[in-house]
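What follows is a set of notes on a single structure, which appears directly below.
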There are 2 protein chains.
Amino acid sequence: MKELKQRSTCPVSTSLDLLGDKWTLLILRDIVFAGKSTYGQFLQSAEKIATNVLADRLAVLEAQGILTKAVAADKKSKFTYRLTEKGLDTVPIIVELLLWGAKHGPTVVAPGLLEELRAGKDAAVAKYQQLAREQALT
Amino acid sequence: MKELKQRSTCPVSTSLDLLGDKWTLLILRDIVFAGKSTYGQFLQSAEKIATNVLADRLAVLEAQGILTKAVAADKKSKFTYRLTEKGLDTVPIIVELLLWGAKHGPTVVAPGLLEELRAGKDAAVAKYQQLAREQALT
DNA sequence: TATATTTGCTTGCAAATTGCAAGTGCAAAT
DNA sequence: ATTTGCACTTGCAATTTGCAAGCAAATATA
């Protein structure tokens, strides 16, 4: 089991110990905003994560209680990754990264999403968290 | 000049291309929440960043317009790093990381800060942004 | 004026992480 | 019985990180 080393007691630092890399939050983004849940789906994202890096991150995220791994409902040879409540609590972080990137970089955002977030951030965050919770039941 | 490679047009991904590592946001945290501004001060933080990594990150952040480098007011042999408006816009990201870390990890937070953030996130963000702006004038 | 110290880096090198390509094992479909 | 799909694992090269030391210019001290 890979233990996570904590560099300090600062909460920003502690969050970055787990989330501070180029891939982890993209996996969580895929679950929340793209409704993805399987290894194969994560591999298909535009950023092209390497297979070993994906496997490593999924293992760390599961070990840290950010997501759960379960046999898929339809196929026993397939796994379904879902966010825990701790994982759902990262949605505000992802949203702020999204807003910053959309404001300062050349990006493409799903139509309506920016407006929805700007109109009411808390409500939008709650909505996407709830959607992810409901998917976990199917 | 180190060019930043963009993995996709997703705004979350674009933000992580620049901010997605273990050190960059800690430097910004030090400026916003600890009032730091010099190379030597950044080196003294609890997380102990390596000198070459710090030099590299400061160069990237300056090149990307997140911070500005200027000769210090008191000493010509000293430099002062300050946030640009683009840099100040990362404060909400840092705040969300702080809140997540404080909720889910064993951390120590300055007394009153959590209460201040929970009482009114937007107002607190605006306050710390304004404080950083004012420091830039001294 | 000479010497020491402060400040902000740079350099060299070992260790760890990442990226790429290929391969493996198991379940399910054909 | 064989092939396909899915979830990884493995090997290896390239990049990034961490650590220790060194360096150069500006300032402080003797």
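Just so we're on the same page: letters track the sequence lines, and every chain starts at 1.
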[atom1] of [X] to [atom2] of [Y]: how many Å apart, nearest 0.5 Å?
X       : Y       : atom1 : atom2 : result
A/Asp56 : A/Ile49 : CG    : CD1   : 9.0 Å
A/Leu25 : B/Leu19 : CG    : CG    : 11.0 Å
B/Tyr81 : B/Ser37 : OH    : OG    : 10.5 Å
B/Leu28 : B/Leu88 : CG    : CG    : 9.5 Å

(message) Checking base pairs now: Watson-Crick or wobble, both atom distances under 3.5 Å. What partners C/dT30?
(response) D/dA1
What integer distance in Å separates [X]:[atom1] from [N]:[atom2]?
X       : N      : atom1 : atom2 : result
A/Gln41 : D/dG5  : CD    : P     : 16 Å
A/Phe79 : D/dT9  : CZ    : P     : 10 Å
B/Lys5  : D/dT15 : NZ    : C1'   : 9 Å
B/Gln44 : C/dG8  : CD    : C1'   : 13 Å
A/Leu54 : D/dC6  : CG    : P     : 15 Å
A/Lys69 : D/dC6  : NZ    : C1'   : 11 Å
B/Leu43 : C/dT6  : CG    : C1'   : 13 Å

(message) Over all strands shown, is A/Tyr39 touching base, sugar-phosphate only, or nothing at heavy-atom distances under 4.0 angstrom?
(response)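 Since a base atom lies under 4.0 Å of A/Tyr39, the category is base.
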(message) Under 4.0 Å, counting only non-hydrogen atoms across every strand here, what does A/Tyr81 touch: a base, just sugar-phosphate, or nothing?
(response) sugar-phosphate
(message) Donor-acceptor pair, distance only, cut-off 3.5 Å: does the side chain of B/Thr38 make one with the backbone of B/Gln41?
(response) yes
(message) Strictly under 4.0 angstrom, non-hydrogen atoms only: write out the protein contact profile of nucleotides 18-30 of chain C, one letter per nucleotide from the 5' end, B, S or -.
(response) SBBBB----SS--
(message) Using OP1 and OP2 only, check whether a side-chain N or O of B/Lys22 sits under 4.0 Å from C/dT17.
(response)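 No, outside the criterion.
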(request) Please report the closest heavy-atom contact between A/Val125 and A/Pro92, naming both atoms and the distance. (result) CG1-CG, 4.0 Å
(message) Less than 6.0 angstrom from the centroid, inside 45 degrees of the normal: does A/Lys69 satisfy that with respect to the ring of A/Phe79?
(response) yes
